[in-house]
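Side-chain atoms are counted along with the backbone in the values below, which use heavy atoms only and exclude waters and symmetry mates.
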Amino acid sequence: MLILSSNSPRRQELLAGLDIPYKVFVIDGIDESYPDTLPSEDIAEYIAVKKAAPYAEELKGNDNIVLTADTIVVCDGKVMGKPKDNADACSMLRFLSGKSHQVYTGVCLTTNVAQRHFTVCTDVTFRELTDKEINYYVEKYKPLDKAGAYGIQEWIGYIGITGIKGSYYNVMGLPVQRIYEELRKISPEKE
């Protein structure tokens, strides 16, 4: 059984799209801190691996696979997770406006005998956004649960994103194509 450790409706929707049975089981209160010296491209994977550790008990004596993930946005060396409030969300979007940035999703697949982890990076470019557009988006869509304060699949993505290089689904929070490939390595189908 595949166990998704995420309450994110987007991650659940994306994983369901793979037609692989799974259940959601989340242990709350996991520390998501990371060393200040960690390169930005390694942060999401470090946190995904850290999130997997408390699930050891869930894996004892069975063939379950726990999937943990974390997504961050990096622009001009600045690391952005989820905004604290609406003002923080507006600030993040102003910072991303007119620039390209990277979305890193770290994923960890853990079984009772092994662990595979990896990072997928996608480059995203925003056109210049007006304050009116930013305020409208933050007020209407409440992106406080999204790294970088935006959802590519929402209004701001429709009107603001001018380019993407890499996985669209990674920007939504789960690089499902790569996950599918890694799951096939863990438990290849019988032919």
Side-chain angles (χ1 to χ4, degrees), residues 1-34 42-73 79-85 88-89 92 103-122 124 140-157 166-190:
M1 170 64 75
L2 181 61
I3 299 169
L4 175 63
S5 169
S6 177
N7 285 319
S8 164
R10 290 164 305 284
R11 286 192 176 135
Q12 293 172 25
E13 173 190 345
L14 290 171
L15 193 57
L18 291 179
D19 290 341
I20 298 170
Y22 74 93
K23 71 176 184 176
V24 174
F25 176 66
V26 178
I27 296 174
D28 292 321
I30 296 174
D31 175 28
E32 296 185 21
S33 63
Y34 56 88
D42 296 337
I43 293 170
E45 186 172 334
Y46 177 91
I47 294 171
V49 171
K50 195 173 182 180
K51 285 179 175 179
Y55 289 87
E57 194 63 37
E58 188 70 22
L59 296 169
K60 282 186 180 171
N62 61 49
D63 292 332
N64 290 343
I65 301 169
V66 173
L67 188 162
T68 54
D70 194 72
T71 301
I72 62 166
V73 168
V79 176
M80 293 182 237
K82 297 173 186 171
K84 298 183 299 267
D85 53 30
D88 193 29
M92 286 182 181
V103 178
Y104 293 98
T105 300
V107 176
C108 184
L109 298 168
T110 307
T111 70
N112 62 354
V113 294
Q115 191 173 71
R116 299 180 77 84
H117 46 89
F118 56 89
T119 299
V120 174
C121 178
T122 304
V124 179
K140 180 164 184 175
Y141 289 87
K142 310 286 186 217
L144 301 183
D145 63 338
K146 296 171 179 66
Y150 77 92
I152 192 171
Q153 74 281 8
E154 295 176 339
W155 183 82
I156 200 82
S167 169
Y168 172 85
Y169 300 110
N170 185 55
V171 182
M172 283 182 67
L174 207 58
V176 286
Q177 186 278 329
R178 177 72 185 274
I179 289 169
Y180 180 77
E181 291 299 318
E182 297 295 333
L183 286 171
R184 286 182 61 210
K185 292 174 187 173
I186 291 173
S187 55
E189 294 177 1
K190 308 258 189 291

Kindly give the heavy-atom pair with the smallest separation between [X] and [Y], and that separation in Å.
X	Y	value
Glu58	Asn64	O-ND2, 3.7 Å
Ala52	Cys108	CB-SG, 3.9 Å
Gly151	Ile156	O-CG2, 3.9 Å
Leu144	Ala89	CD2-CB, 4.2 Å

Which value, rounded to the nearest 0.5 Å, describes the distance between [X] atom [atom1] and [Y] atom [atom2]?
X	Y	atom1	atom2	value
Glu32	Ile43	CD	CD1	12.5 Å
Leu109	Ile65	CG	CD1	7.0 Å
Met80	Ile72	CE	CD1	10.0 Å
Leu174	Gln12	CG	CD	10.5 Å
Tyr55	Ile30	OH	CD1	4.5 Å
Asp70	Lys51	CG	NZ	4.0 Å

Could you tell me whether [X] atom [atom1] has more than 12 heavy atoms of other residues or ligands within 6.0 Å of it?
X	atom1	value
Asp63	CG	no
Lys140	NZ	no
Tyr169	OH	no

For residues [X] and [Y], determine if any side-chain heavy atom of one lies less than 4.5 Å from a side-chain heavy atom of the other.
X	Y	value
Met92	Asp88	yes
Tyr150	Val124	yes
Ile20	Leu15	no
Arg178	Phe118	yes
Lys50	Ser33	yes
Val66	Leu59	yes
Asp19	Tyr180	no

Is a donor on one side and an acceptor on the other found under 3.5 Å between the side chain of Asn170 and the backbone of Val103? yes
Any donor and acceptor pair, going by atom type alone, linking the side chain of Thr68 with main-chain N or O of Ala48 inside 3.5 Å? yes
By the definition salt bridge (charged side-chain N to carboxylate O under 4.0 Å, His left out), identify the one residue from Arg10, Lys82, Lys84 that meets it with Asp145. Arg10
As a quick check of understanding, evaluate side-chain contact (heavy atoms from CB on, under 4.5 Å) for Tyr168 and Gln153, giving each step before the final call. CA-CA 9 Å; Tyr168 172 85; Gln153 74 281 8; 3.4 Å; yes
What do the steps show when you test Lys60 against Glu57 for salt bridge (charged side-chain N to carboxylate O under 4.0 Å, His left out), and what is the final call? CA-CA 5 Å; Lys60 282 186 180 171; Glu57 194 63 37; 3.2 Å; yes
For the residue pair Thr71 / Arg11, report whether a side-chain donor-acceptor contact shorter than 3.5 Å exists. yes
